Amino acid sequence: MTLPTTMKAWVVTRSGLHLRTDAPVPTIAPAGHDILIKVTHVALNPVDLHLINNIPSWLPLRRNPTPAADFAGEVVAAGSAVKDLAIGARVCGALPLGRFLNGRGSLAEFIAVPADLVAVQPERLSPGQAAGVMGIAGQTSFIMAAAAEGLGSGQRVLVNGASGGVGSILVQVLKGKGAEVVGVCSGANEAMVKGLGADEVVDYRTHAPLEGYLAERFPLVANGKEEEGKRPLDFIFDCAGSQVLFSQSPKYMRPEGKFISIVGGASQGVVPWLRNRVPTFLGGTPRTFQLLLLLPSGKTAREAAELVNKGVIKEAPIDSEFAFEEADKAFERLGTKHAKGKVIVKVAA
Ligand SMILES: NC(=O)c1ccc[n+]([C@@H]2O[C@H](COP(=O)([O-])OP(=O)(O)OC[C@H]3O[C@@H](n4cnc5c(N)ncnc54)[C@H](OP(=O)(O)O)[C@@H]3O)[C@@H](O)[C@H]2O)c1
């Protein structure tokens, strides 16, 4: 393939998102370990929007940054040190944190990355789904499930935000571990979450306040005489960011259980991290709280791909797909915070 020297790439300017048509196509060292990828699909994540809205685009290291981290595409060039990937290979993954923080994102026609950052696209997923599963959402669900040490067959777990990009994959990963999964989402998404394997779905709108409903549905009984159908929760996975869900958790989560969150909020995790570590004798909640931060990597992308190839992750619900020229609208959809699965930008066929 004859490579162009310029390409289209979305950039953030002082006036908002702008489609640049003359961005330079990245180059790779002929003898190196990098590959050049012709991007076909980009999956968007809330962190992309956070960076666009809250980190100034004029900062020296981020001048007119290109947003987004997840990608799927085709290898069109490779350094001679790359052994495992041939030209034409279909790959996917997520850019490392430092790279998309400083604005060398994936929402462009071509990206250059180290070959070990990618996974080969599993055949059972479409390229858009592959960008989501091997991207930030799938990698995050993988590390969330891994943080639940001792999670075993038949244990009851709750996924708050089960219809979102992370939650919809996490439900499947937890089912793969044999857990009994209770998914929390709005009623409109109930069928979708059940279809992903959830054993029970709780509509947080009809059962508001959620923590009150959970205390009745899965009560922690002091004398240990639990009713089988009402067993308390062993783990709670929070993809929606609810402090009260944690502070009330002693009513419905076992003492040895763990509350695993990925939502840091406005303080980027500092406030929940400090607040939820207060010892019980000082009034803290007597349950373990863990806040995770994903550092995307090729290793985790390949672990997610393995779960797809084993049939554990069967699908990645796609909320919507936008043409490359309409990526700004894709960000608007993501900003509603009610996407059903992933919002995808199709960059090329
Ligand atoms: N720490 C990390 O490394 C990390 C990594 C990835 C993501 N995150 C964070 O995790 C969160 C989820 O990410 P995502 O990609 O899954 O986002 P997303 O796809 O935008 O999630 C949207 C989903 O959230 C659900 N939702 C909204 N309000 C809810 C509520 N009150 N209760 C339950 N569900 C609710 C919506 O369901 P309904 O429409 O049914 O309400 C929708 O399906 C975001 O805050 C993101 O920034 C953190």
Side-chain angles (χ1 to χ4, degrees), residues 42-54 68-70 94-97 100-101 131-147 158-173 182-194 196 198 201-211 213-214 236-246 259-270 272-273 289-297 300-301 304 316-320 330-344:
V42 169
L44 303 186
N45 293 283
V47 67
D48 304 331
L49 210 47
H50 172 68
L51 292 175
I52 291 171
N53 292 336
N54 301 322
D70 297 351
L95 298 175
L97 194 60
F100 70 87
L101 274 178
V133 175
M134 269 54 73
I136 285 182
Q139 292 195 33
T140 303
S141 46
F142 182 87
I143 65 162
M144 289 181 88
L158 183 110
V159 177
N160 191 29
S163 53
V166 176
S168 60
I169 302 170
L170 180 60
V171 166
Q172 301 173 73
V173 177
V182 180
V184 178
C185 62
S186 61
N189 295 330
E190 181 170 344
M192 181 188 96
V193 173
K194 275 236 166 92
L196 295 169
V201 176
V202 177
D203 177 350
Y204 66 87
R205 290 189 173 136
T206 46
H207 294 299
L210 177 65
E211 59 284 2
Y213 174 78
L214 296 177
I236 296 177
F237 299 88
D238 188 11
C239 307
S242 172
Q243 175 59 32
V244 70
L245 191 62
F246 174 66
F259 189 99
I260 298 166
S261 174
I262 51 168
V263 184
S267 68
Q268 303 307 310
V270 175
W273 191 84
F289 175 89
Q290 187 174 9
L291 181 63
L292 299 177
L293 172 68
L294 173 76
L295 299 174
S297 73
T300 315
I318 300 293
D319 172 83
S320 42
F331 280 112
E332 281 170 25
R333 173 61 189 156
L334 182 73
T336 65
K337 297 190 176 178
H338 288 290
K340 292 182 187 183
K342 297 303 298 173
V343 176
I344 304 293

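Keep in mind that what you see is a predicted model, and the values were worked out from it rather than measured. One-based numbering, in listed order, for ligands and for the atoms of each.
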(message) Test your reading of the structure: does Val47 have an N or O sitting under 3.5 Å from an N or O of ligand 1?
(response) no

(message) As an exercise, identify every atom of ligand 1 less than 4.0 angstrom from a heavy atom of His338.
(response) 27 (C), 36 (C), 38 (P), 39 (O), 41 (O), 42 (C)

(message) What I'd like to find out is whether the side chain of Ile236 reaches to under 4.5 Å of the side chain of Leu245, using heavy atoms alone.
(response) yes

(request) Output yes when the distance from some N or O of ligand 1 to some N or O of Ser163 is under 3.5 Å, and no in every other case. (result) yes

(request) Quick one: look up the protein heavy atom nearest atom 16 (O) of ligand 1 and list residue, atom name and how far away it is. (result) Val166 N, 2.9 Å

(message) As an exercise, identify every atom of ligand 1 less than 4.0 angstrom from a heavy atom of Leu292.
(response) 1 (N), 2 (C), 3 (O)

(request) State, yes or no, whether a side-chain contact exists between Pro317 and Lys340 at a heavy-atom distance under 4.5 Å. (result) no

(message) Using modelled atom types and a 3.5 Å cut-off, is there a donor and acceptor pairing between side-chain atoms of Ser168 and backbone atoms of Gly164?
(response) yes

(request) Between His50 and ligand 1, find which residue part has any heavy-atom pair under 4.0 Å and reply side chain, backbone, both or neither. (result) neither

(request) Verify, without hydrogens or angle tests, whether Asn189 (side chain) and Met192 (backbone) share a donor-acceptor contact under 3.5 angstrom. (result) no

(request) Provide, to 0.1 Å, the distance between atom 34 (N) of ligand 1 and the closest protein heavy atom, together with that atom's residue and name. (result) Gly161 CA, 3.4 Å

(message) If the contact criterion is a heavy-atom separation under 4.0 Å, does Lys337 count as touching ligand 1?
(response) yes

(message) Closer than 4.0 Å to some heavy atom of Leu294 - which atoms of ligand 1 meet that?
(response) 2 (C), 3 (O)

(request) Look only at interatomic distance and state if Val184 has a nitrogen or oxygen under 3.5 Å from any nitrogen or oxygen of ligand 1. (result) no

(message) Please report whether ligand 1 has a polar contact with Gly165, defined as an N or O pair separated by less than 3.5 Å (distance criterion only).
(response) yes

(message) Could you check whether any side-chain N or O of Arg205 sits under 3.5 Å from a backbone N or O of Cys185, counting only pairs where one atom can act as donor and the other as acceptor?
(response) no

(request) Side-chain contact test, heavy atoms from C-beta onward, threshold under 4.5 Å: evaluate it for Tyr204 versus Ser186 and give yes or no. (result) yes

(request) Using a strict 4.0 Å cut-off to heavy atoms of Gly164, name the atoms of ligand 1 that fall inside it. (result) 16 (O), 19 (O), 21 (O), 22 (C), 23 (C), 43 (O)

(message) Give the atom numbers and elements of ligand 1 that come within less than 4.0 Å of a heavy atom of Leu293.
(response) 1 (N), 3 (O)

(request) Taking the side chain as every heavy atom from C-beta outward, state whether Ile52 and Phe331 have any pair of such atoms under 4.5 Å apart. (result) yes

(message) For the backbone of Ala137 and the side chain of Ser141, can you confirm whether one donor and one acceptor N or O come within less than 3.5 Å of each other?
(response) yes

(request) Flag the pair Val42 / Leu44 as yes when at least one side-chain heavy-atom distance between them is below 4.5 Å, and no otherwise. (result) yes

(request) Heavy-atom contacts with Asn160 under 4.0 Å: which atoms of ligand 1 show up? List them by number with element. (result) 32 (N), 33 (C)

(message) Quick test: of every protein heavy atom, which one is nearest to atom 20 (O) of ligand 1, and how far off is it to 0.1 Å?
(response) Pro46 CG, 3.9 Å

(request) Please indicate whether any nitrogen or oxygen in Tyr204 is less than 3.5 Å from any nitrogen or oxygen in ligand 1. (result) yes

(request) Could you tell me whether Ala339 and ligand 1 have an N or O pair separated by under 3.5 Å? (result) yes

(message) Does the plane of the ring in Phe259 sit parallel, tilted or perpendicular to the ring in Phe289? Use 30° and 60° as the thresholds.
(response) parallel

(message) Counting only nitrogen or oxygen atoms and a 3.5 angstrom limit, does Ser186 reach ligand 1?
(response) yes

(request) List the steps and the verdict of side chain to side chain donor-acceptor pair (under 3.5 Å) for His50 and Asn54. (result) CA-CA 6 Å; His50 172 68; Asn54 301 322; 2.8 Å; yes

(message) So Val263 and Cys239, do their side chains get closer than 4.5 Å, heavy atoms only?
(response) no

(request) Output the list of atoms in ligand 1 that are nearer than 4.0 Å to some heavy atom of Ile136, sorted by atom number. (result) 6 (C)

(request) For atom 45 (O) of ligand 1, find the nearest protein heavy atom and state the residue, atom name and distance (0.1 Å precision). (result) Val263 CG2, 3.9 Å

(request) Please write down residue, atom name and distance for the protein heavy atom closest to atom 10 (O) of ligand 1. (result) Ile262 CD1, 3.1 Å

(request) For ligand 1, indicate whether the residue Thr140 contacts it via side chain, backbone, both or neither (heavy-atom separation under 4.0 Å). (result) side chain

(request) Could you check if a side-chain atom of Asn45 sits within less than 4.5 angstrom of a side-chain atom of Asp70, using non-hydrogen atoms only? (result) yes

(request) Could you tell me if any non-hydrogen atom of Cys239 lies under 4.0 Å from any atom of ligand 1? (result) yes

(request) Give yes or no for whether the N/O distance cutoff of 3.5 Å, strictly under, is met between Leu334 and ligand 1. (result) no

(request) Check whether any side-chain heavy atom of Val159 lies under 4.5 Å from a side-chain heavy atom of Val184, and answer yes or no. (result) no

(request) In plain terms, say whether Asp319 and Lys342 are close enough for a salt bridge, that is, a side-chain N and a carboxylate O under 4.0 Å apart. (result) no

(message) Below 3.5 Å, N or O to N or O, backbone or side chain included: is there any such pair between Asn189 and ligand 1?
(response) yes

